[in-house]
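Structure, as structure tokens:
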Amino acid sequence: MTYDFYPVNDFGPVMKGMAIGGLGILHVFLAQFAIGGGFVMCYLQWLLMTGRSQAARLFLDSFFKFLVLVSFVLGAITGVAMWFTSIQVSPRTIGLMVQSFHWVWATEWTFFSLEVVSGYAFYRYGKFLNDRARLTLLVIYSLAAWFSLFWINGILSWQLTPGSWIETQRAWIGFFNAGFWPSLLYRTVASVAVAALIALVVVNAIPNLERSDREQLVGHVSVLLAPMLLMPFLGLWYLLSMPADSRAWATGGSVAMTMFLTIAVGASSLIGWYSLVAFWYGRLYINGATAGLLTLLAFAATGGGEFVREGVRKPFTVRETLYSNGIHRDEVAEWRRIGMSNAAEEYPLRTNQVHASPIINQGAIVFRQQCSVCHTLGGVNAADELSRGWSDEQMRINIAQLQRTKPFMPPFAGTAEEVEALVQFLRWHQQGKPETWSLPADEIQRETLARIQAYLDQAGTEPSDMAQRNAAMRASAGLFTQKR
Amino acid sequence: MDTIFPFGFPSATAFYLTLFVGTLILHVLFMNFVVAGTGWLAWASLRGQLWFAKSVSESNKLPATGTSLLADWIPSMLSGAITAGVAPLLFVQILYQKEFYSANLLLSHRWMSILPVLILGFYALYILRTGWLARRSVWVRTLTALIPFACVAFVAYSWTENHLLSTSGVDNWRRFYVEGKTWYFEPQMLARLATWGIGSIPTMCVWLGWMAHYRLVRDLPVDPSIARQLPRLALVGVGASLLCGVAYIVAAPQLTGVFVGPMALPYFVLAIVGIVLQIAGWTIAARNSSAAGGLPYSALAMASAGVLATLAGMTVCREVIRLTALGAARLEQLYSRHQAAQEVEGFWVFAFFLILNAGLIAWCFRLVRINQAAVKSHHERG
Ligand code: HEM
């Protein structure tokens, strides 16, 4: 089997998912601002040209300056950072994404370049151009920014719903997947809403603007919050496009996912309701503090939504294809046979991590390769803490049958010896990493390994199948409601 | 590997190599402006010569100096460098996925630190143009002007470090990982970096030359000192980068064989022809510059052609160094991956949008140019 081993870094107490998730939220929020910002500006430029708002000109120049400073710098660099962080967290996932969709990415790059050029052209020369030229530049900018979303959205939604790409491996089948349209439309509406809220902050921050002009601008910009009325329907559509188990997870199956979904829905609803009321009463003025607060809520909504999107893919990073720990679905059986500790040949433990006992070292390698992408030791979602109350035998069963222990974990990809090494490694951690570590007699060891092998065989090498995953989700959802 | 680049490779490999090198040249064109430009700003600040217009209309009224043009354009050019960097970043992952990812992972947070550093450098460039900074003490102003250069130099250093580590081989990676290192160094590194870094000066001079030229075309004032400064600086840059190139070859003697080998030789010759053109172009420019600060069009065009030839030639030579370092056995393993990548759908969609969007980019420039009259009358009114 040809398998590219990569060096694995330790993020200390931080879960790797948190690093990519946190950055992702910031980047998505900024990208939404850049995309929606284009539409907001086109709308105001049009109002200006049709004589409906003279104050729009002042707003456009201030807003665009802000957009360039925030989105062209932070937005662009966090975009590159997403790529680099993905490599740090899961090189095999980003590798598969690049290999499968590089032309989509390259196409997106042409739009990104157009976005940057048209944006800077407006930034530098907008003031001197006639209104028609200004509008043309803004339309080009907005379309370029929106198309960047169009392309990237196909790749991101493919990760959760690759559909028949799995059999055909055809890029366009993967790209126009079940989640493509609901996700694209949802994100488009979210982008306009985010940009409108930030625009409201900017309207309140422009110096030397008459109160009446401010009120007029607030009124115009608030209109752009109206598409938020579509969000519940689009959100529902997106939820329905998800695989059943992912949906079950977000809607009660997992406490964390449900909480994040609740944050996303709750924060969006608050913004929506506020806007509706403002709209209803016509001239309700939104001041800077309120607009700032609503923007923070939009950030929370983006954060909740992104965590759900990242989380519900588990145990995969590309559904039914690649597990979160970078092991391909088809490779598990082979690793069961030959063992994952081969990784040590390419990348042994770091000098300062080597322990006197070989089994602890082997356990450390197994943990690094198979668990460390989602678990830490002693930090967030710490594997040693989660398993502290388990007996040795419980540990062996639960690790050998990982996909049954929790359906959002992948099957264990290693030998019985490796399961045992991992059990000993976790115990060693739980007991404060003693200097020496002794093992039972060989006879007992042999019996233990035979039992582990039986556990492994019972669970098989496939992920917990869909029905099983759903049943487990329902059960844990029930448990969740009972607890409440 | 015994015929001119990229023809000795299977078609898929040759195809991605060409795309990679082509887009990398674009990146380097912008990157050079930013590297040398931030260096210039840092130098100017140390000599107390910083002056920045706060807006385009203000800069249109005052005679442009090299410093003012740089301060005006560097933020957009840094955006250009980053945007243009995305395409080779994509193709390098298709060509040498394992190598590139392994180096990224080995350098770890050290590698990732280029991102906050870039953000810092970027914002420092914007701050340079604020009235807020103009009111600060000379120390604060000077230190702020040094930040972009320090940041950009660090980013350039890191790319070189990552590149060299990526070609240094599995055994080296293993050692690096086991020892828990996060900095990589080879004796050739500084000479290589200096060749890039100082080699960026002539590119910047060409950019500045055209900027000054178009200002004069638009009847906007240019400080006559530009016409004296640029040719001199460019010639010093060419000379100094040649010296660094020699130091680079001394530090890594195996390179001589690579440059005169069958894959790289024509490109090496192209690079040298480029240098000759640059020297000729700048010498003519130095002798014939106008009192208004303009550089003769034909001399500037010659120097530009020289810069393009040198960049193209050296970028290919750089690639051949990597291909040679990886060796035939490793490349054999990569061919099937490149082939698999080429079978993925989407190339024609990319090609279509590349042409369409390149056209739209050109249209954006045209829109602004057509409105030049408006800019000018605004300037005259103002
Ligand atoms: C101020 C910012 C930057 C500077 C000064 C810079 C500088 C450099 C330098 C000096 C090299 C050549 C390294 C060598 O051959 O020794 C290089 C290569 C490269 N740069 Fe940049 N860079 C910058 C930003 C970026 C960004 C943001 C990206 C990605 C979006 C990027 C993408 C690349 C790629 C893909 C290569 C080729 C890497 C390889 O072949 O191994 N650069 N850059």
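To find a chain, count down the sequence lines: A is the first, B the second, and so on, and within it residues start at 1.
- Aromatic ring centres of B:Phe15 and B:Phe347 lie closer together than 6.0 Å.
- Side chain of B:Asn162 to main chain of B:Phe100: no donor-acceptor pair is present (N/O by atom type, distance under 3.5 Å, no hydrogens or angles).
- Only the side chain of B:Leu19 comes within contact range of chain A, judged by heavy atoms closer than 4.5 Å.
- Salt bridge annotation for A:Glu331-A:Arg92: present, with a cationic side-chain nitrogen under 4.0 angstrom from a carboxylate oxygen.
- Between the side chain of A:Ser62 and the backbone N or O of A:Leu58 there is at least one donor-acceptor pair closer than 3.5 Å.
- Only the backbone of A:Ser100 comes within contact range of chain B, judged by heavy atoms closer than 4.5 Å.
- Taking chain A as the reference chain and counting heavy-atom pairs below 4.5 Å, the highest number among B:Gly180, B:Cys364, B:Ser76 is found for B:Ser76.
- When heavy atoms are compared at a cutoff of 4.5 Å, B:Ala340 approaches chain A by way of both its backbone and its side chain.
- The residues B:Arg330 and B:Glu99 are annotated as salt-bridged, a charged nitrogen and a carboxylate oxygen being separated by less than 4.0 angstrom.
- When each of A:Ala76, A:Pro348, A:Ala133 is checked for heavy-atom pairs under 4.5 Å with chain B, A:Pro348 comes out on top.
- When each of B:Phe352, B:Tyr123, B:Trp173 is checked for heavy-atom pairs under 4.5 Å with chain A, B:Tyr123 comes out on top.
- Proximity to chain B involves both the backbone and the side chain of A:Phe84, based on heavy atoms less than 4.5 angstrom apart.
- Comparing A:Thr78, A:Ile94, A:Val68 by how many heavy-atom pairs each has under 4.5 Å with chain B, the most go to A:Ile94.
- Heavy-atom distances place both the backbone and the side chain of B:Val344 under 4.5 Å from chain A.
- Of the atoms belonging to A:Phe111, heavy atoms from both backbone and side chain fall under 4.5 Å from chain B.
- Geometrically, B:Arg215 does not engage B:Trp210 in a cation-pi contact, judged by NZ or CZ lying under 6.0 Å from the ring centre and within 45° of the ring axis.
- Enclosure of atom CZ in A:Phe66 is not indicated, since only 12 or fewer non-hydrogen atoms of other residues, nucleotides or ligands lie within 6.0 angstrom.
- Of the residues considered (A:Leu137, A:Val354, A:Asn352, A:Val104), A:Leu137 shows the highest number of contacts with chain B, using heavy-atom pairs under 4.5 Å.
- For a residue to count as touching a neighbouring chain, one of its non-hydrogen atoms must lie under 4.5 Å from one of that chain's; by this rule A:Trp109 touches chain B with the side chain only.
- At a 4.5 Å heavy-atom cutoff, the contact between A:Thr85 and chain B is made by backbone and side-chain atoms alike.
- Using bins of under 30°, 30° to 60° and over 60° for the plane-to-plane angle, the ring pair A:Trp146/A:Phe150 lands in the tilted bin.
- At least one test fails for A:Arg170 against the ring of A:Trp165: distance under 6.0 Å to the centre or angle within 45° of the axis.
- Heavy-atom distances place the side chain of A:Ile140, and not its backbone, under 4.5 Å from chain B.
- A salt bridge does not link A:Arg350 with A:Asp10: every distance from a Lys NZ or Arg NE/NH1/NH2 to an Asp or Glu carboxylate oxygen is 4.0 Å or more.
- Highest contact tally toward chain B, considering only A:Val8, A:Val116, A:Val80, is held by A:Val8 [criterion: heavy-atom pairs under 4.5 Å].
- A 6.0 Å sphere centred on CH2 of B:Trp363 holds no more than 12 heavy atoms belonging to other residues, nucleotides or ligands.
- If you measure heavy-atom distances from B:Leu360 to chain A, the contacts under 4.5 Å come from both the backbone and the side chain.
- In this structure, no portion of B:Phe176 lies under 4.5 Å from any heavy atom of chain A.
- Within the 4.5 angstrom heavy-atom criterion, atoms from both the backbone and the side chain of B:Phe353 approach chain A.
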Test log, rule side-chain contact (heavy atoms from CB on, under 4.5 Å), inputs A:Gln362 and A:Ile365
CA-CA 5 Å; A:Gln362 190 183 18; A:Ile365 299 261; 5.6 Å; no
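- Residue B:Leu356: no heavy atom, backbone or side chain, is found under 4.5 Å from chain A.
- Annotation: maximal heavy-atom pairing with chain B below 4.5 Å, among A:Thr136, A:Ile77, A:Val117, A:Thr351, occurs at A:Ile77.
- Ranked by non-hydrogen atom pairs under 4.5 Å with chain B, the options A:Phe112, A:Phe147, A:Phe122, A:Trp172 are led by A:Trp172.
- A salt bridge is defined here as a Lys NZ or Arg NE, NH1 or NH2 lying under 4.0 Å from an Asp or Glu carboxylate O, and A:Glu346 with B:Arg175 fails to meet this definition.
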